[in-house]
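Okay, structure first, notes after.
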Amino acid sequence: MIVDKLGRRFRNLRVSLTAACNYACTYCVPDGKRLMKAQNELSATELLRAVTYLQQAAGIDKLRITGGDPLVTPKFDKFLLGVMQLPLDDVSLTTNGQLLLKKKEVIAESGIGRLNISLDTLNPLRFKQLARGGDLNTVLAGIDAMLELGIKIKINMVPLRNQNARDVLPLLEYCLDRGIELRFIELMQMGHLLHSSTFRAEFFSMASLLDVIGARYEFERTDAPYDSTAVRFSIPDKGVFGIIANESEPFCTSCTRLRLSSDGYLYGCLSSARKQYIGDLLQLPPHQLLPQLQGVLLSALGDKKTAFQGEVTVMKLIGG
Ligand code: SAM
């Protein structure tokens, strides 16, 4: 097992199936252009091969399917069904939810138990302004369909001071009513937000969130698993919410994440632009592939930072 001097190792793999997305969220996509694939994206078969060998070489036990939006690519069905056959402890999926109704059958067939759905507002006008694509009611119907299937859902919201901070309580109520855990993600300095005045103007901190929530509910801090990125809070008799507080309470020193982009690059750290191409290795027979992959993983682990500083990498390329 490859472990660094802080005791960190890769356990959690995030696979971006495609860079294409049917949204162009203001904080993620600077030019507002949707549905741009990366050049030379790997096929579902190649991505599954990559996962199989990464699991063996690094000891991956948790996997998250992400994007772009993973549901927009024809690869989705084959990859989801394939990955659910692998001996992983936990497989989850992150999506904006726009295509959940269309993918309901394959999701049910796969047996996946957990979904994270990104939803920044329940207000139709602000939804259009923020996501710059899709339709709010379609997402809400998708969420209902997933709850009917008995799938455990978390909703991810990125609160922005001037765009959707007023939606914090309505979204929290919506989630508490449905037994859904809401996760607030503090805005990260990624892509066009790195060193930008927009980041400073829009950043809505964990302290600000807790002020807003505290005005309505009593809450207390509760447990989170060792390598969880979220600080979790319980509202007695109502439910739980979490905050992924990259800036206010960074979790870099216990990070176990490894990212694979749709065009075959491994990223050891979200806060580093360094990446290693493994698309060519995937053609090798296992006895050659595995030792070479170990070398690449060692280098990727060395890229892990001890503090989050942001990066020029656009989130939709590596899936957050
Ligand atoms: N399309 C899928 C979705 O919407 O969940 C998966 C990819 S998306 C890049 C993953 C998550 O990253 C979303 O919850 C999104 O809100 C979040 N995200 C994107 N850019 C971000 C930023 N600069 N700061 C914080 N979160 C960001």
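Order of appearance sets the numbers: ligands from 1, and atoms from 1 within every ligand.
In the vicinity of I185, heavy-atom distances shorter than 4.0 Å reach the ligand 1 atoms 14 (O), 25 (C), 26 (N). If you number the atoms of ligand 1 from 1 as listed, the ones under 4.0 Å from a heavy atom of V158 come out as 16 (O), 26 (N). Listed by number with element, the atoms of ligand 1 under 4.0 Å from a non-hydrogen atom of S118 are 3 (C), 4 (O), 5 (O), 13 (C), 14 (O). Counting the atoms of ligand 1 from 1 in the order shown, those under 4.0 Å from a heavy atom of G68 are 1 (N), 2 (C), 6 (C), 7 (C). Near N156, meaning under 4.0 Å from any of its heavy atoms, are these atoms of ligand 1: 14 (O). Listed by number with element, the atoms of ligand 1 under 4.0 angstrom from any heavy atom of E186 are 25 (C). Against a heavy-atom cut-off of under 4.0 Å, T94 is close to the following atoms of ligand 1: 2 (C), 3 (C), 5 (O), 6 (C). Each of the following atoms of ligand 1 lies closer than 4.0 Å to a heavy atom of T66: 6 (C), 7 (C).
A donor-acceptor contact shorter than 3.5 Å is absent between the side chain of R216 and the backbone of V212. Under a 3.5 Å cut-off, the side chain of S208 and the backbone N or O of F204 do not form any donor-acceptor pair. Panel note: side chain E186, backbone S248; a donor-acceptor pair is recorded below 3.5 Å.
The closest side-chain donor-acceptor pair between S118 and N96, if any, does not fall under 3.5 angstrom.
Surrounding NZ of K102 are at most 12 heavy atoms belonging to other residues, nucleotides or ligands under 6.0 Å away.
For N116, no nitrogen or oxygen atom sits less than 3.5 Å from a nitrogen or oxygen atom of ligand 1, counting backbone and side chain alike. Between Y27 and ligand 1, at least one pair of N/O atoms sits closer than 3.5 Å. For D69, a nitrogen or oxygen atom sits less than 3.5 Å from a nitrogen or oxygen atom of ligand 1, counting backbone and side chain alike. For the pair L187 and ligand 1, the shortest N or O to N or O distance does not fall below 3.5 Å.
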Exercise. Could you give me the CA-CA distance, side-chain angles and deciding distance for D90 and R114, then say whether salt bridge (charged side-chain N to carboxylate O under 4.0 Å, His left out) is met?
Key: CA-CA 9 Å; D90 183 59; R114 299 204 300 121; 2.8 Å; yes
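Checked against M157 for a side chain to side chain contact (heavy atoms under 4.5 Å, CB included), the options L119, T121, V168 give a single hit: V168. For the salt bridge (Lys or Arg N to Asp or Glu O under 4.0 Å) with E181, the qualifying choice from K152, R232, K238, K154 is R232, the only one to do so.
Contacts between N246 and ligand 1 below 4.0 angstrom, taking non-hydrogen atoms only, are absent altogether.
By the rule that hydrophobic residues join a cluster once side-chain heavy atoms approach within less than 4.5 Å of another member, L171 and V240 end up as members of separate clusters.
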